[in-house]
Amino acid sequence: MELSTQYNPREAEENHYKRWEESGCFKPEINENADAETYSIVIPPPNVTGSLHMGHALQHTIMDVLIRRKRMLGFRTLFLPGIDHAGISTQLMVTRQLKIEENKTPQDIGREAFTEKVWEWKRKYGGTILGQMRREGISVDWSRERFTMDENLSKAVINVFVALYEEGQIYRGARIVNWCPQDKTVLSDLEVEDKEKKDGKLYYLQYPIKNSDKKLTVATTRPETMLGDTAVAVNQNDERFKNLVGEIIELPLTNREISIIADEYVEMEFGTGAVKITPAHDPNDYEMGQRHNLQQINIMNPDGTLNANAGEDFDGLDRYKARKLVVEKFEQLGLLEQIKDHEMVLPICERCKTVIETLISEQWWVKMDEMRDAALELKREKGYPHFTPHNPHTKVYTDWLENLRDWTISRQLWWGHQIPAWYDENGKVYVAKNKQEAAKKAGTENLTQDEDVLDTWFSSWLWSFSTLGWNGEKVQSSRFGVQSQAENSSTQDSGLRTQDLKVFHPTDVLVTARDIIFLWVSRMVMSSLKFLGERPFDDVYITGTVLDEKSVRMSKTKGNGIDPLVVFNEYGVDATRITLAGSSTGMDFAWRDEKVESYRNFANKIWNATRFCLLNSDGAKVDPATLENPATISDRWIISRLNKTANDVNEALDKYAFHVAVDKLYHFFWDDFCDWYIELVKDEITAGDTPATTRIITILEQSLRLLHPFMPYLTEELWQKLPNTNADLHNPAYKSADATIMLADFPTGDANLIDEKAETEMQLIFGLITNIRNIRAEMQIKPSDKISVHIAANDKTRRIFAANEAQILKLARANEVILGDKLEVPAASAKGVLTNGAEIAVPLEGLIDFAKERERVQNQINKLQEEGERLSKQLANKNFIDKAPTEKVDAVRERVTEIELQTKALKDNLETLR
RNA sequence: GGGCAUAUAUGUCAAUUGGUAGACAGCCUCCCUUACAAGGAGGAAGUUGGAGGUUCGAGUCCUUCUAUGCCCACCA
C-alpha cells in the first residue's frame, strides 16, 4: 500500500465522522455488554448565538478524550450534546437584526411574531455550532441532542417552577434590582459586570438647610438621582455635622423637604462626609431607607429616561441629559460647589455592556437557603463535587455558596420559558402548569399570563437530568440523602429517556470554564439534590483559559480571538486537539502557533512511521499475541516501554492530568518507537522478516489505540490501512460492530511485560551509541566514513554489546566493534566512557586534533567532577547519612562510584593524548 | 477593600508525597543516510522574581517584599 510522504489531515477528517455516526459508535447502545459500567458526560450547552471559540474546542477535546478512552475500555458511554436558548443574548441578536433588516422594534411586530423570528433564527444559526462540533470530531450521541426549549425540557422548567412555588420557595416581591435600560429587563447579580471608568466625576452639590442660611454639601457621582433623594445622611460620630441631625433640607429643583439623618454606614472621610440618600435607586440607600423608614421615589422609566416623579423639567429626559441639566441648574442656583475627577467602577450589562440602573421592581425570586445548605452538606459530608484542580475552585465554590442570596429569576424578555403564573382581574396570582389548571384554581377563565420569561439559567440548572428525560411530571422534591426519584421513575415517562436517567445519572464529570461555576455548576448541584435527591456529577474539571500569543484574554471586543476553525484548516483537527489537551494543566495558557505546528509535525511523524511499516508489511498482520513472546532485548525493551506508557497514560487521565498523558505519548512514539526502535530493527523489516514486521505493526497498532482519544481522525485513517485490523481487536463489548479503532480495546499496560532489565540494558546500548555519535560529531567525522569502535568493559556489558553488535554497527556507522577487558588502541584515538565505567575508543589515525580532543575530554571530566564534588559533600555530611532514607544514601554512593570510575578512565585517556 | 493564583532556559510551559530542574519552539554545528527536511545526529543555554527562615536536603514548606493576573464586595 502506498501512502503519500505527507499527512493530509483534511482527507482523514472527511473520511470517518459520518461513518462513525451512522454505524452507531457514538451511541451507548453500541455496547453489547449488559453489565458494562457506565460513563456519561453532558456537554455544557453552548449559546445558540455563539460560534465555536478556542475555549469550546478545549473543553470539547477534554470531554471527548475522556469519553473515547472509557468507550474503548468497554464502558457504556454517553456524551450528550445540546445548545442553550440563551435568553438575553439571543433576543438581543434578533432585535438587532430586526432593526437592520426591517427597521422595526420587537414591540412593532408583537410578541408572537417576534418569538417566531427568534425560532427562525435558531433554526438557521443553531445548526452552525453543531456543524462545528462535528468538525471537532467529538463523539457525541446526536440522537440525544437537546435544546433548552425542547418540549420535554420546557415541561421540566414549568413543573419545577410550580413545585417550588407551592413549597413557598418561589415568591414574587418588589426589591431593589439591577436593571438594564437597553434590554429593559432585570438582571441577576451574576449578569452584571464591572467597568472601570477613569474619567468619572464627583459632583459636590450644596443643599440649603431650612430656616438657616447654612448649606450642607453632598458629593455624588450621579447628580440626577438627587431628584429622588429622600434624606441626607451623616455619621453620628462626625463632629462637623452632629448638630445638624434632625434638621430639614429644602431639596433644590423640587418642592420637597427631606431630613438629615445619622447612620454609621456613612464614611466620614469620603467626599464631604454627607451622603444624599436615594432609596429607590441605590442598593445601599435602599437598605438605609429600610432602616430609617424613608420614602422611596422612583424617578426612572424602564428605558433609562426619567419619569414624572422627577418633575416637569426632567420628565422623559434621558438619564445622561438629565444629569447635565441638574448640574447646570445647580450652577445657575449657585449651589454647585465643585466637580472633581473621580476614578470609579460602573456596573454594566454582561450582554449589551450598557450601564446598569438600580431600581425597585417587582420580580420573581427563588429562596436559596435550603438548597444552598444541601449543596454545602453534600460537599462537606461526601466531598461532591470533586474539583480539579482542587485549588482554588473548591474554596471559591463553597465560599460563594455560603454567601448566597435569593435569585431573581424573572426577565422582561419574550425569548424563553414564559412564567406559569396567571392573574385574575383583581391582580390575584395563580401559579399552575397551564392555563386550564390556573383557571380551575381561580374559578374563572378571565386570566392573563405573566408577561415575563424565566432566566436562562433556570432551565440550564436542570440540564444534567432534564436532558436525560426527566420532565418533572411527578416532581418529588427532596433533600440530599433522600432516595432518588430516579429509582422509581420508570412509570412516569416512556421508553429510553427515563431509562437514560436511571442509567446515566449522576453523570461522571462536568468539564467547563471557571466563569460559570456560580451561574451553572453550583445551581446544577442544588437543583439535582432538590429534585432527584442525588448529585448531578462526581467530578468537575475546570479548564484553564486559552490566552492569545501575548498572554491576553481573548475577547470579541479586543478582536484577538483565535478561531479554532482557522487552526483546524491550517494544521488539522487532530493536531489542534492534542495541542489543547497537551496544554491542559488546569492553568491558563497562551496559544502559540509553534506549539500546534510541532504537533502537526507529530501527526506527520505518526503518518510516516506507519508508512514505513506498511511499505514492508507483506505477509505481516496485526497480532497482539506476538507481544507475549518478545524475541530480542530490543523487542523486550520496546514492549516494556509500550506497556509503561499505556499504564502512565491511563493513570494520568484518571487524574485529569492531560498534559502528562500527551507528554508520555509524544515521547514514547517519537523517541522510543521512531528514533530507536525503528532504527534498531530496520534491517529486518526491510528484509521482509515476517515475525519482525508483525511485531512492529502490532506495536504500532497499540500505539495508535493509545493516541486515538487525542487524534481520532489520523489514528482511524491509519488503523484502517493496517493489515488484519478487524473487530477481533475490539473490546469484547463491541464484538459485532464494524471494525473501527474507536472500539478497539484500550491498552492499560501489562505489568508482566514491563521489563526493567531490558530497559537498563538498552540504556547501556543507547549510551554507547550516543557516545560514539558524539565523538563523530565533535571530531567531524563524515557520515560516510566508517570507524572502528573499541570497548573495554566487564563480562556482562560485553555480552550485551556482543548480542547487539549488528545494531551498534549500524547506528554508530561503524565497521567493527572490538570488545575486550582493556583498551588497546593507538594514542591517536577519541575516547569516551559510559556511566558504568566501560571505556570506548575510536582510533582516528592522524585525523585527530589532539588539542581539540583534550578539550573535549577535559570538558567531560569537569562536568563529572562538579557533580561528584556536590555529592561527596553530601556524603561527608553526617546528618545526611543519619537522617536521609537509606535508599537515597545508597543511590548517592552508587553515583559517586560511577563518577569516580568515569573520571579515572577519562583522566587516563587524557594522559594518552599528549 | 477582601480573597486567590502566578513569577522556572530567549519564548511558551512542565516538574507525583521536599531528593538537586525537563519538554516544545528558537539558536549553533553537521547531514537531502532508500518512513518522514513537517526529517536525522550532536551541542550550547537556568543563582527557579528579591530577601530571610525551617530541613541532612527547598522550584516545592513558612515569613516578608516586588510584579502581574483573576475572582468577590454596597463605598456615595
Side-chain angles (χ1 to χ4, degrees), chain A residues 3 5-7 189 194 202-203 218-222 225 233 265-267 269-278 282-288 342 344-345 358 389 391-393 395-396 399-400 403 514-515 517-518 545 547 549 551-553 571 582-583 585 587-595 597-616 651-652 655 657 659-660 663 666-667 674-675 678-679 682 685-686 769-770 773-778 780-784 811 813 867 870-871 874 877-885 887-889 891-892:
Chain A
L3 269 63
T5 57
Q6 280 199 1
Y7 170 51
D189 293 344
D194 286 341
L202 192 59
Y203 302 84
V218 297
T220 178
T221 53
R222 306 185 49 204
T225 61
Y265 154 76
V266 180
E267 284 198 23
E269 289 75 28
F270 190 88
T272 62
V275 191
K276 56 186 279 312
I277 303 298
T278 322
D282 181 283
N284 300 307
D285 295 3
Y286 176 81
E287 303 254 321
M288 202 185 296
H342 180 63
M344 53 199 262
V345 177
T358 37
N391 281 322
H393 306 302
K395 191 170 149 47
V396 167
D399 284 358
W400 183 79
N403 297 305
R514 73 172 92 81
D515 54 347
I517 293 177
F518 306 147
T545 309
L547 310 170
E549 297 93 332
S551 292
V552 177
R553 200 173 244 279
Y571 300 100
S583 307
T585 62
M587 302 294 296
D588 294 351
F589 61 95
W591 178 265
R592 312 234 92 213
D593 278 345
E594 291 95 323
K595 215 184 289 182
E597 225 170 86
S598 86
Y599 283 111
R600 187 263 324 256
N601 296 352
F602 182 50
N604 195 49
K605 191 74 180 177
I606 298 167
W607 176 266
N608 273 295
T610 307
R611 179 167 174 265
F612 169 75
C613 292
L614 288 176
L615 280 172
N616 302 288
E651 233 177 62
K655 291 190 293 195
H659 64 297
V660 173
D663 187 71
Y666 183 93
H667 290 290
C674 293
D675 286 349
I678 289 184
E679 297 306 326
K682 197 168 242 176
I685 303 298
T686 48
I769 293 167
T770 304
R773 283 173 172 171
N774 181 300
I775 289 171
R776 295 191 66 116
E778 300 221 348
Q780 290 174 337
I781 299 167
K782 282 194 216 130
S784 51
L811 298 187
R813 301 186 151 265
E867 190 188 351
R870 201 185 65 228
L871 295 178
Q874 231 176 343
N877 185 335
K878 190 168 174 303
N879 281 324
F880 175 69
I881 309 288
D882 293 345
K883 295 184 181 175
E887 315 92 72
K888 188 65 208 171
V889 178
V892 173

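In what follows, chains carry the letters A, B, and so on, assigned in the order in which the sequence lines appear, proteins first and then strands, with residues in each chain numbered from 1.
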Open item on the list: Between C1' on B/G42 and CG on A/D675, what's the gap in Å once rounded to a whole number?
Closed with: 13 Å
Open item on the list: Any side-chain N or O of A/N391 below 4.0 angstrom from OP1/OP2 of B/C4?
Closed with: no
Task: Pairing string, 5' to 3', for RNA chain B - Watson-Crick or wobble contacts under 3.5 Å, brackets [ ] where pairs cross, | to another strand - done: (((((((..((((.....[..)))).(((((.......))))).....(((((..]....))))))))))))....
- [ ] Under the ring pair (Phe, Tyr, Trp, His ring centres under 6.0 Å) rule, collect the residues that match up with A/Y666, sequence neighbours excluded.
- [x] A/Y599, A/F602, A/W670
Open item on the list: Heavy atoms only, 4.0 Å cut-off, all strands: where does A/T770 land among base, sugar-phosphate and nothing?
Closed with: sugar-phosphate
Task: Length of the line joining A/E597:CD and B/A25:P, which is rounded to integer Å - done: 9 Å
Please enumerate all protein N or O atoms sitting under 3.5 Å from an N or O of nucleotides 71-75 of chain B, with distances to 0.1 Å.
{"from": "B/C74", "atom 1": "O2'", "to": "A/N284", "atom 2": "ND2", "distance (Å)": "2.5"}
{"from": "B/C74", "atom 1": "N1", "to": "A/N284", "atom 2": "OD1", "distance (Å)": "3.0"}
{"from": "B/C74", "atom 1": "O2", "to": "A/N284", "atom 2": "OD1", "distance (Å)": "2.6"}
{"from": "B/C75", "atom 1": "O2", "to": "A/E267", "atom 2": "OE2", "distance (Å)": "3.1"}
{"from": "B/C75", "atom 1": "N3", "to": "A/E267", "atom 2": "OE1", "distance (Å)": "3.1"}
{"from": "B/C75", "atom 1": "N3", "to": "A/E267", "atom 2": "OE2", "distance (Å)": "2.9"}

Task: With sequence neighbours excluded, residues passing salt bridge (Lys or Arg N to Asp or Glu O under 4.0 Å) with A/D675 - done: none
Task: Distance in angstrom units between A/M344 CE and B/A76 C1', rounded - done: 10 Å
- [ ] Using the test salt bridge (Lys or Arg N to Asp or Glu O under 4.0 Å), find all partners of A/D194 that sit at least two apart in sequence or belong to another chain.
- [x] none
Open item on the list: According to side-chain hydrogen bond (donor to acceptor under 3.5 Å, both in side chains), who are the partners of A/K878, at least two apart in sequence or on a separate chain?
Closed with: A/D882
TODO: Could you grab the distance from atom CD1 of A/I678 to atom CD1 of A/I685, nearest 0.5 Å is fine?
DONE: 8.5 Å
Task: Whole angstrom value for the distance that separates C1' of B/G2 from CG of A/N403 - done: 12 Å
Is there any protein nitrogen or oxygen under 3.5 Å from a nitrogen or oxygen in nucleotides 27-30 of chain B, and what are the pairs?
none

TODO: Quick one: list whatever passes ring pair (Phe, Tyr, Trp, His ring centres under 6.0 Å) with A/W607, sequence neighbours left out.
DONE: A/Y7
Open item on the list: In whole Å, I'd like the distance from the CG atom of A/D588 to the P atom of B/A7.
Closed with: 12 Å
Open item on the list: Just to be sure I understand the rule, does A/Q6 reach a base, reach only the sugar-phosphate, or reach nothing, if contact means heavy atoms closer than 4.0 Å?
Closed with: base
TODO: Not counting sequence neighbours, which residues clear salt bridge (Lys or Arg N to Asp or Glu O under 4.0 Å) with A/K395? List them please.
DONE: A/D399
TODO: For B/G43, take OP1 and OP2 only and decide whether either is under 4.0 Å from a side-chain N or O of A/N774.
DONE: yes
Open item on the list: Just to verify, what does A/R592 make a salt bridge (Lys or Arg N to Asp or Glu O under 4.0 Å) with, not counting sequence neighbours?
Closed with: A/E594
Open item on the list: If you only use heavy atoms from C-beta on, which nucleotide in B/A35, B/A76, B/C36 is closest to the side chain of A/C674?
Closed with: B/A35
TODO: Can you tell me the distance, in whole Å, between the CD atom of A/E679 and the C1' atom of B/A35?
DONE: 9 Å
Task: Under the ring pair (Phe, Tyr, Trp, His ring centres under 6.0 Å) test, residues paired with A/H667 that sit two or more places apart - done: none
TODO: Look at all strands and tell whether A/R600 reaches a base, only sugar-phosphate, or nothing, counting heavy atoms closer than 4.0 Å.
DONE: base
Open item on the list: What is the distance, to the nearest angstrom, from the CZ atom on A/R870 to the P atom on B/U47?
Closed with: 15 Å
Task: Between C1' of B/G39 and NZ of A/K682, the distance in whole Å - done: 11 Å
Open item on the list: Can you list everything that forms a side-chain hydrogen bond (donor to acceptor under 3.5 Å, both in side chains) with A/K682? Sequence neighbours excluded, please.
Closed with: A/E679
